[in-house]
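Presented below is the structure to which this report refers.
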Amino acid sequence: MGRDTIAEIISSIQNADMNRKRVVQIASTNITENIVKILLREGFIENVRKHQKSNKYFLVATLRHRRNRERNYLNILNLKRISRPGLRIYSNYQRIPKILGGMGIVILSTSRGIMTDREARFQGIGGEILCYIW
């Protein structure tokens, strides 16, 4: 049985965010590198480094936290896996959902690579909806 690497990175980022960890380690594959680059570009992650340990590569991501005066900590990342190995969800570019009225992002796997919903709408291509981030 195969591993769902996208669900693994989503759950590891969510767990690190809930436990107030600033650093999370993610197994490095092409898909995870592209998703982490999107998170970095959109401002959900501060920094990403690639490390090697005994012929295995992994990414070390530094999460961004928001401080509040009333409460010391506020969750900034909400991620939800949509398409999964048992049930693939596809969408054309006209029907890509908008998360929080455009405030969140949708990560899609298209024929031109992994991209956000705004890029897919601009290029006029659809694809598999991987996850929502808000």
Gap between atom [atom2] of [Y] and atom [atom1] of [X] - 0.5 Å precision:
X      : Y      : atom1 : atom2 : result
Arg41  : Met115 : CZ    : CE    : 9.0 Å
Ile129 : Ile107 : CD1   : CD1   : 12.0 Å
Ile10  : Tyr132 : CD1   : OH    : 12.0 Å
Leu39  : Ile45  : CG    : CD1   : 4.5 Å
Ile38  : Cys131 : CD1   : SG    : 8.0 Å
Thr62  : Lys21  : OG1   : NZ    : 14.0 Å

Is there a path of hydrophobic side-chain contacts, each under 4.5 Å between heavy atoms, that joins [X] and [Y]?
X      : Y      : value
Val23  : Phe58  : yes
Ile6   : Phe44  : yes
Ile114 : Phe122 : no
Leu108 : Trp134 : yes
Val24  : Ile35  : yes

Fill in the blank from the handout: The salt bridge (Lys or Arg N to Asp or Glu O under 4.0 Å) partners of Arg81 (sequence neighbours excluded) come to Asp4
Any non-hydrogen side-chain atom of [X] less than 4.5 Å from a side-chain atom of [Y]?
X      : Y      : result
Gln123 : Thr110 : no
Glu42  : Arg118 : yes
Lys50  : Val48  : no
Gln25  : Val60  : yes

Handout entry: Side-chain (Gln14) to main-chain (Leu79) donor-acceptor, under 3.5 angstrom
Key = yes
Handout entry: Asp17 side-chain N/O to Ile13 backbone N/O, donor-acceptor pair under 3.5 Å
Key = no
Completion exercise
Heavy atoms of Leu40 and Glu46 approach each other most closely as CD1-O, 3.4 Å
Handout entry: Set of residues satisfying side chain to side chain contact (heavy atoms under 4.5 Å, CB included) with respect to Ala27, sequence neighbours excluded
Key = Arg3
Listing, residues 90-105 side-chain donor-acceptor contacts under 3.5 Å, not counting sequence neighbours, or none:
residue, atom, partner, partner atom, Å
Ser91, OG, Arg95, O, 3.2
Ser91, OG, Ile96, N, 3.4
Asn92, OD1, Arg95, N, 3.1

